[in-house]
Number of protein chains: 2
Amino acid sequence: MAQKQQNLSKNQKIVLDIIEKSVQPMKAYSILFNVQKKGLKAPPQVYRALDKLVEIGKIHKIESRNAFIACRNSACTIANATAFSICESCEDVKEISSSKLSKYLSNFQDKEGMKYNKYNLEFFGICKKCK
Amino acid sequence: MAQKQQNLSKNQKIVLDIIEKSVQPMKAYSILFNVQKKGLKAPPQVYRALDKLVEIGKIHKIESRNAFIACRNSACTIANATAFSICESCEDVKEISSSKLSKYLSNFQDKEGMKYNKYNLEFFGICKKCK
DNA sequence: GTAACTATGTAATAATATAACAATAAAATT
DNA sequence: AATTTTATTGTTATATTATTACATAGTTAC
Ligand SMILES: [Zn+2]
Ligand SMILES: [Zn+2]
Ligand SMILES: [Zn+2]
Ligand SMILES: [Zn+2]
């Protein structure tokens, strides 16, 4: 269910911690600024941690925003199948966990019959608050 | 069917032209380099054209690659609903035109009943050639 | 203990994108 | 036609995002 936390390195834990505390996606340099008091001074330290955390599915990258958000989707065992809704007004981002959607996309075949088990989907709109 | 071309400005035409000649997505600075002989010397000139071309749907941005590709999807009247397949080995990118898929996604409702008519979907995998 | 691997620290730089402002050109209004 | 407005262009500088390269330290496997 929940992924194991023990095997995270010191820097990975620090970076994950700050991202998990944020409701909204964080940008790499904002993370860097926030972890400088903890000793991470330079971009590579943050980017390395981010890379690993994305790889193991603890966080996801919102590609259209160059930002990172913690995975709070318990069904999201696969780091490879991600879907988000993004409010274009307040930039609120939510991870969509719909087994129906993920099944549909995982089973999708293109015209050449090719299947993909990795995808990223970003929905855009105006959220309820902003309407 | 095909969008009108007349109302494009000089720089927009130049940038679109170079992107349409490329089979694969082009990066902004690669475009810039290629259009310098035509008088576009600085990033803003390229980025402005790119912004407009994306807005009117003549090109799409591949967000995970920071690259731009010409729309060759005749069904893609909406610049707002885009889907691509990306080979993680050779970086070959194809626009997916599946009315079934676009219907499914345009009709998708999240848990709060919210609908989105704008989305971007990127599928990843290894293409036939690379297998 | 040594080799191999993993993680860290650090400086420099590359790659991507925008802000700000001046100058032109085209379109709409009078 | 002259005026106002709007869209486009040119230019410099700068902001933001991300990686390369290399040195050091810690951990694991043998
Ligand atoms: Zn997730
Ligand atoms: Zn909102
Ligand atoms: Zn298209
Ligand atoms: Zn390939």
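Heavy-atom basis, side chains included; hydrogens, waters and symmetry copies ignored. As the structure is a computational prediction, the values presented were derived from the model and not from experiment. A note on names: the letters A, B, ... follow the listed sequences, proteins ahead of strands, and every chain is numbered from 1.
- The separation between B/Met26 atom CE and C/dA15 atom P is 15 Å, rounded to whole Å.
- Neither OP1 nor OP2 of C/dT18 sits under 4.0 Å from any side-chain N or O of B/Tyr47.
- Look at B/Lys61 and you'll find a side-chain N or O under 4.0 angstrom from OP1 or OP2 of C/dA17.
- Look at B/Gln45 and you won't find any side-chain N or O under 4.0 angstrom from OP1 or OP2 of D/dT9.
- Rounded to whole Å, atom P of C/dT8 lies 10 Å from atom CG of A/Leu8.
- Residue B/Lys13 contributes atom NZ, which lies 10 Å from atom P of D/dT9 at whole-angstrom precision.
- Per the geometry, CD1 belonging to B/Ile31 stands 13 Å off C1' belonging to C/dA17, to the nearest Å.
- Rounded to the nearest 0.5 Å, atoms NZ (A/Lys61) and CD1 (A/Ile69) are 14.0 Å apart.
- At least one side-chain nitrogen or oxygen of A/Ser9 sits closer than 4.0 Å to the OP1 or OP2 atom of C/dT8.
- Between A/Lys41 and C/dT10 there is a side-chain polar atom (N or O) within less than 4.0 angstrom of OP1 or OP2.
- With respect to A/Glu91, the salt bridge (Lys or Arg N to Asp or Glu O under 4.0 Å) criterion is satisfied by exactly one of A/Arg65, A/Lys27, A/Lys129: A/Arg65.
- Ring-base stacking between A/Tyr29 and D/dT17 is satisfied, the centre separation being under 5.5 Å and the plane angle under 30°.
- Spacing between atom CG of B/Leu50 and atom P of C/dT16 amounts to 12 Å, rounded to whole angstrom units.
- Both A/Pro44 and A/Lys10 sit near DNA chain C, but only A/Lys10 has its closest nucleotide nearer the 5' end.
- Taking the six-membered ring wherever Trp is involved, the centroid distance between the rings of B/Phe108 and A/Phe123 falls below 6.0 Å.
- Each of B/Ala42 and B/Asn11 has a nearest nucleotide on DNA chain D; the 5'-most of these lies closest to B/Asn11.
- With salt bridges taken as basic N to acidic carboxylate O contacts below 4.0 Å, one links B/Asp17 and B/Lys21.
- Distances shorter than 4.0 Å separate some side-chain N or O of B/Asn66 from OP1 or OP2 on C/dA17.
- Distance B/Ile56 CD1 to D/dA7 P: 15 Å, rounded to the nearest Å.
- If you measure from atom CZ of A/Arg48 to atom C1' of D/dA21, you get 10 Å, rounded to the nearest angstrom.
- For the side-chain contact (heavy atoms from CB on, under 4.5 Å) test with A/Lys38, the passing option among A/Asn11, A/Val15, A/Ile14 is A/Ile14; the others fail.
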